[in-house]
Undergrad: 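Attaching a single structure in structure tokens format; questions to follow.
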Amino acid sequence: MSTSRTANAGRRLVIVESPAKAKTIKGYLGPGYVVEASVGHIRDLPNGAAEVPAAYKGQPWARLGVNVDADFEPVYVVNSDKRAQVAKLKSLLADADELYLATDEDREGEAIAWHLQQVLKPKVPVRRMVFHEITKDAIQQAVANPRDLNQRLVDAQETRRILDRLYGYEVSPVLWKKVMPRLSAGRVQSVATRLVVERERERIAFVPAHYWDISGTFAQAAQAAARAAQAASGGDPADFTARLTALDGRRVATGRDFGSDGVLRSVRGGAPVLQLDETGARALAEALRVAPFQVRSVESKPYKRSPYAPFRTTTLQQEASRKLGFGAKRTMQVAQKLYENGFITYMRTDSTTLSETAVAAARAQVTQLYGAEYLPDAPRTYASKVKNAQEAHEAIRPSGDRFRTPAETGLTGDDFRLYELIWKRTVASQMKDAVGQSVTVKVSGTAQAGAVDGAELPGREAEFSATGKIITFHGFMKAYVEGADDPDAELDDRERRLPPLAEGDALTAVELRPEGHSTKPPARYTEASLVKELEEREIGRPSTYASIIGTILDRGYVFKKGTALVPSFLAFAVVGLLEQHFGRLVDYDFTAKMEDDLDRIARGEAESVPWLRRFYFGETAEPSGDLGEAARAASTGGVDGDHLGGLKDLVTDLGAIDAREVSSFPVGDGIVLRVGRYGPYVERDGVRADVPDDLPPDELSVELAEQFLAKPTGDRELGTDPNPPHHTIVAKDGRYGPYVTEVLPEGTPKTGKNAVKPRTASLLKSMSLDTVTLEDALRLLSLPRVVGVDPASGEEITAQNGKFGPYLKKGTDSRSLESEEQMFTVTLEEALALYAQPKQRGRRAAAPPLKELGEDPVSGRPVVVKDGRFGPYVTDGETNATLRQADSVEEITAERAYELLAEKRAKAPAKKTTKSAAKKTTTAKKATKKAPAKKTAAAKTTAAKTTAKKTAAKKTATAKTAAPRKPEPESEEGSG
DNA sequence: CAGTGAGCGAGCTTCCGCTTGACTT
């Protein structure tokens, strides 16, 4: 590290994103270059209150980490887990004469490079170097041809980051208030959840249709001998299966002819479609049994199939799921390991492009393993199918300029299987098409009406149809065939051979089987199919697909049933709320529109601040030219006049959001499903019953809900009260914990004047729901116990259990008891003794302070640390402040205590102060904004307009904040 | 989602995208 510098060869520090990449590149650059990784982003907006720098605490926007009142100035902090790496980079830079920022060439990579520059503050020349494949040539080329940092691209990334923060950190709290705490909403996860919910809605609304057809096995009538010979020779089959497709010229309905409502769709092309029922199908099969059949037509078409593109992240996840049964997370973990150990290229990519060396390696391997006839003349190239692809990397492929065969790798288990998949797919992508013939045969026969007694035939002229496929050259299929999501789907490589048939051939029906079918609701998403859907909609990035699934699972929005993703009722409530009140934010096109706008910012055709302003504050008098679709999309529609509300308005006035309504779903028959804090339950006329958390919503029928209601869940019958009226005693788990209660007979009025309430009692701490006995329950239900009468006042004293534990009660006067057992044992004398003492006001009042920290410089009052309900806190007797996560009673200093108190004072009562301060800031900013424009006399260059304005504003903001901002554009010096 | 007799300092949750370990099971 501290090797001496030679006179003419300076030391260059090259920073890439990934350590594995650093290792490889080091080998290509040789001495004179130190290659180190940033290990991803090094700075970000503060995560929560704990990470907000002290200078911004108390600001109304501190929670967001973005100063929404000053042009959305972001606060950046070096993530705690990156501090060590940043320190390392700084020390390496100290020994370097030149800095190469070699982060990925995409929006995020450009931003990482900018953050590196801001944090490392290099005093040596800085160059931006980019490459898309890691080969010696490419790296050396890149080093020789550096460019400058693309500030617009950095702006686009920052805009994306801020939008996501505002969306996530403003909308999530709405869910905490209206649904339950700890929930979350975000640009990506909320749409992912919505997709799953909508699919479930489709399934719920789905009405299956039932239809019948006939499957027939046919053989050539006159050629029994020849047939047998052919079969024996292992060539074509002797018979074949065909399905009834038409009757009297009318097409027979198949699943595709029905809508999701179970109704036969109106017919395409004029001819009405015939829906066969069971009776008709059986009668027809019977009437066809003895009929002669003949081949009506044989149609042959050439078949061709091209190989699939090499893997990118999503297709790898899909295929690993289909073929290896891996979840997205497991796939990525295994791939990461393969990448780090040098077996494959980078696994988080949206590109299907292979480098030239990779193409050469694949082609060499095709020739070697399959022969030259499998190699196309020219290399195959694959255009990206991903609309917002950033293509910073190659496709996922075996690494190196000569691919190791799976056997050569020495890999085992999951590693081997995933490598083999990647290897096969890559090699196959450079092979020839598979070609062959696909054949359609139509067979006709006439039903013999007389053959069936009495039954009415749905028709007489029957037409059967069969398709076959013969692959004459397998091409890439020799190496690789893609799996199917639908297990019933036919695989591409499967040949279906038909006997050699000619028009007019006579056939006999070996068997005719009437078959009933039902249409099926759309299948639920799997991890892989959801990821595919998200990618198609340009939502999420390769590095996040697996974690998106993780997030919606963690939040309880979806759960897995086998491989299927099933939405919870909670997800229905959350998605419903978002659709009704934040409709445009969960619009499926929101992200795609945002991407368009970010592209415009990256091209310099739009600006970040007005775009964010419109998204957050709504439409203003800003010229609309540079405002994008997504920002507009967030606006809610006319609030007053032509002002369109932004996100802030939406989250400020929550009066219109009826929490009860968003959590309620009618089941039918007066039953309502509600999502409560403790999970879903059904309710009818005040009777409630738990619904299992993992009940798929499409399985909740009225019947099932009735079942739940008939036997409210969580009850454990303990027995019958031996005393009249002999109610059943049950133990339940309630919102205040486990308790026992009695079951009142049906028809007992629960509300109104004559309402009868059952006795209830919480279990003692020594009891548990599983072990509580009838005796325990009866003892508990005997409370409150009359201890005696106060001779002084004549008032009755009772002992009972309450929310603060056991206590005595005399009229409105109460005293806490020491133990639960005392409720049953305390005597009148002891009770009177307790009442003789004054009430203990404030349980903590007597507790001595944990620590004394001198006098507060502001209030001049002594500061102490105390222990309270919410843990330790500091107080000066007037202001209280809970210790933060980073603080401890042992380590806290007096200075820190004063700081906490000052922060607290600044927050609550200082509303007025904050406001006026904010006002001042705004005024000051406006002033500075105008001033330079006047001073520079460049007023005529207002043609240079908004850009200059924005820069000036940003500059002002920069001066106020500790976090360094972007370098000013060079042109600014000249104009200013 | 039961029903209740005081009175006491809340603070935190959450987003999306880049990257790996360092942990524990």
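To find a chain, count down the sequence lines: A is the first, B the second, and so on, and within it residues start at 1.
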Undergrad: Taking only the side-chain nitrogens and oxygens of A:S184, find out if one of them lies under 4.0 Å from OP1 or OP2 of B:dC15.
TA: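 Answer yes for this pair, as a side-chain N or O of A:S184 is under 4.0 Å from OP1 or OP2.
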Undergrad: Any idea which heavy atoms bring A:A335 and A:I344 closest together, and the distance?
TA: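 Shortest heavy-atom contact: O-CD1, 3.5 Å.
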Undergrad: By the 4.0 Å heavy-atom rule, please label A:Y169 as base, sugar-phosphate, or nothing.
TA: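 Base contact - A:Y169 has a heavy atom under 4.0 Å of at least one base atom.
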Undergrad: Describe the nucleic acid contact of A:Y167 in one word from base, sugar-phosphate, nothing, applying a heavy-atom distance below 4.0 Å.
TA: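 No contact.
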Undergrad: Between B:dT14, B:dA2, B:dG5, which nucleotide has the shortest distance from any of its atoms to the side chain of A:Y739?
TA: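 The nucleotide sitting nearest to the side chain is B:dA2.
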Undergrad: Supply the atom-to-atom distance A:S608 OG to A:F72 CZ, rounded to the nearest 0.5 angstrom.
TA: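 Result: 8.5 Å between the selected atoms.
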Undergrad: Give one of base, sugar-phosphate or nothing for A:A185, where a contact means two heavy atoms less than 4.0 Å apart.
TA: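 Sugar-phosphate contact only - A:A185 comes under 4.0 Å of backbone atoms but never of a base.
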Undergrad: Touch check for A:E170, heavy atoms < 4.0 angstrom, all strands: base, sugar-phosphate only, or nothing?
TA: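 Contact class for A:E170: none.
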Undergrad: For A:W176 and B:dT14, do the ring centres fall under 5.5 Å apart while the planes stay under 30° apart?
TA: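 A:W176 ring does not meet the centre or angle cut-off for B:dT14; no stack.
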Undergrad: Tell me: CZ of A:R165 to P of B:dT13, nearest whole Å?
TA: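 Checked: the CZ to P distance equals 11 Å.
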Undergrad: What string of B, S and - do you get for nucleotides 17-22 of chain B 5' to 3' if you count protein non-hydrogen atoms under 4.0 Å?
TA: BBBS--
Undergrad: Rounded to whole Å, please give me the gap between CG in A:L163 and C1' in B:dC15.
TA: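 To the nearest whole Å, that distance equals 10 Å.
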Undergrad: Passes side chain to side chain donor-acceptor pair (under 3.5 Å), A:S184 versus A:Q189? Steps please.
TA: CA-CA 8 Å; A:S184 62; A:Q189 61 169 292; 2.8 Å; yes
Undergrad: For B:dG11, does either OP1 or OP2 sit under 4.0 Å from a side-chain N or O belonging to A:R182?
TA: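 No, no such contact exists.
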Undergrad: Nearest-Å distance, NZ (A:K809) to P (B:dT4)?
TA: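 In whole Å, B:dT4 P lies 9 Å from A:K809 NZ.
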Undergrad: Tell me what A:P758 touches on the nucleic acid: a base, only sugar-phosphate, or nothing, going by heavy atoms under 4.0 Å.
TA: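 Counting heavy atoms under 4.0 Å across all strands, no contact is made by A:P758.
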Undergrad: Rounded to the nearest Å, what distance is computed from the CG atom of residue A:L780 to the C1' atom of nucleotide B:dG3?
TA: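 Atom CG in A:L780 sits about 14 Å away from atom C1' in B:dG3.
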Undergrad: By nearest nucleotide on DNA chain B, pick out whichever of A:G676 and A:S190 is the more 5' one.
TA: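 Nearest nucleotide further toward 5': that of A:G676.
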Undergrad: Does any non-hydrogen side-chain atom of A:F615 lie less than 4.5 Å from one of A:I162?
TA: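 No. Closest side-chain heavy atoms not under 4.5 Å.
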Undergrad: Check if the side chain of A:S762 and the base of B:dA2 share a donor-acceptor pair of N or O atoms closer than 3.5 Å.
TA: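 Counting by modelled atom types and ignoring angles, a donor-acceptor contact under 3.5 Å is found here.
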Undergrad: Go through the steps for A:E36 and A:Q85 under the test side chain to side chain donor-acceptor pair (under 3.5 Å), then give the verdict.
TA: CA-CA 9 Å; A:E36 186 54 63; A:Q85 192 63 20; 3.0 Å; yes
Undergrad: Tell me, with the steps shown, if A:E538 and A:T591 meet side chain to side chain donor-acceptor pair (under 3.5 Å).
TA: CA-CA 7 Å; A:E538 303 180 66; A:T591 293; over 6 Å; no
Undergrad: What does A:R759 touch in the nucleic acid at a heavy-atom separation under 4.0 angstrom: a base, only the sugar-phosphate, or nothing?
TA: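 Nothing: the residue A:R759, judged by heavy atoms under 4.0 Å, touches no strand.
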Undergrad: I need the CG-P distance between A:L783 and B:dG3, as an integer number of Å.
TA: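 It works out to 17 Å between those atoms.
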Undergrad: Minimum heavy-atom separation for A:K82 to A:G40, with atom names?
TA: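 Here A:K82 and A:G40 meet closest at NZ-C, 4.5 Å.
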